[in-house]
Structures are given as structure tokens and as C-alpha cells.
Amino acid sequence: MDKVFVRHTVDDYAKWLNVFNSVEGMRKNAGEKSYFIYTTDDNPKDVIGEFEWDNLNNAKSFFNSEDLKQKMAEAGVNMQPEIFFCHPKTSGH
């Protein structure tokens with residue numbers, strides 16, 4: 001399953017999370033299958049998302065959409081996000 005990793009900093013995690021949760025339907029309709037959200041140990045405003053997507057073409061369309069950019073601004077994302085579109089190559093245990 002294809003994965004997308006996103007890293008950015010936010011002004012306020014609670015505000016960001018509220019907006020993130022409000023666009024769940026938008027993400028699911030675009031092909032999101034599951035996600036995990038992390039923050040770094042030393043900075044709770046440093047947010048990393050791990051998303052499982054149905055395919056990378058749908059993921060790229062979603063993550064490059066103007067709707068998402070507007071929501072990220074509304075959520076207080078204060079940097080250009082780092083986005084990595086990944087295909088699995090091997091697995092371990």
C-alpha cells in the first residue's frame with residue numbers, strides 16, 4: 001500500500017487537530033485508507049503524518065489541491081510542508 005509522509009510545524013496543535021479532523025471526509029473521498037499522526041519528542045508543534053493511500057496519483061492530487069492548501073492555512077500550518085510520496089519496497093518484522 002502506498003504511503004505519504006507529511007511534516008510541518010503548526011502554531012497551535014489543538015487548533016490544527018480540529019481542522020484536520022474536520023476534513024476527514026475530504027481525505028477519505030480522495031483515497032486515504034488510514035493515518036497516524038506524530039509529534040516530535042521535543043516540540044509538540046512539529047507534526048508528522050503517515051498516511052496510507054489507495055494510490056499515489058490520488059494522493060498527489062489531494063496534497064497538491066488548493067482546498068487542502070486553504071485548510072492548512074486555516075489550521076495554522078506555518079511552513080511549507082515536506083511531503084514524501086512512497087511505494088513500499090520491502091518489509092520486516
Side-chain angles (χ1 to χ4, degrees):
M1 190 67 65
D2 293 331
K3 299 267 186 160
V4 180
F5 297 88
V6 179
R7 182 179 184 202
H8 50 64
T9 58
V10 298
D11 294 327
D12 177 295
Y13 180 79
K15 177 182 175 184
W16 174 86
L17 184 60
N18 187 46
V19 175
F20 176 81
N21 288 335
S22 77
V23 298
E24 179 179 6
M26 191 168 87
R27 295 190 321 268
K28 295 288 184 194
N29 288 337
E32 179 195 82
K33 298 299 182 188
S34 65
Y35 69 88
F36 291 95
I37 300 298
Y38 308 90
T39 59
T40 58
D41 187 44
D42 60 341
N43 184 359
K45 294 179 180 183
D46 189 9
V47 178
I48 300 166
E50 174 188 352
F51 300 88
E52 191 168 7
W53 223 264
D54 61 351
N55 68 66
L56 291 185
N57 287 331
N58 288 341
K60 288 176 183 179
S61 292
F62 175 77
F63 282 98
N64 290 314
S65 73
E66 288 303 315
D67 288 340
L68 179 62
K69 291 174 187 174
Q70 289 175 345
K71 288 297 184 180
M72 291 177 97
E74 179 184 323
V77 172
N78 59 26
M79 67 172 278
Q80 180 70 30
E82 296 178 83
I83 303 174
F84 303 91
F85 299 98
C86 304
H87 289 291
K89 296 295 182 190
T90 185
S91 64
H93 39 271

Salt bridge (Lys or Arg N to Asp or Glu O under 4.0 Å): pairs with one or both residues in residues 37-47, sequence neighbours excluded: Arg7-Asp46

Connected via hydrophobic side-chain network under 4.5 Å: Leu17 and Ile48: no

With sequence neighbours excluded, residues passing side chain to side chain donor-acceptor pair (under 3.5 Å) with Glu50: Lys3, Tyr38

Pair Phe62-Glu32, side-chain contact (heavy atoms from CB on, under 4.5 Å): steps then yes or no: CA-CA 9 Å; Phe62 175 77; Glu32 179 195 82; over 6 Å; no

Qualifying side chain to side chain donor-acceptor pair (under 3.5 Å) pairs with a residue from residues 55-64, counting only residues at least two apart or across chains: Asp54-Asn58

For Tyr13, all residues meeting ring pair (Phe, Tyr, Trp, His ring centres under 6.0 Å), sequence neighbours excluded: Trp16

Mind listing the side-chain donor-acceptor pairs of residues 66-91 below 3.5 Å, one per line with the distance, residues two or more places apart or on another chain?
{"residue": "Asn78", "atom": "OD1", "partner": "Thr9", "partner atom": "OG1", "Å": "2.4"}
{"residue": "Asn78", "atom": "ND2", "partner": "Asp11", "partner atom": "OD1", "Å": "2.8"}
{"residue": "His87", "atom": "ND1", "partner": "Asp2", "partner atom": "OD1", "Å": "2.8"}

Connected via hydrophobic side-chain network under 4.5 Å: Phe20 and Met26: yes

Contacts of Phe63 that satisfy ring pair (Phe, Tyr, Trp, His ring centres under 6.0 Å) - sequence neighbours left out: Phe51, Trp53

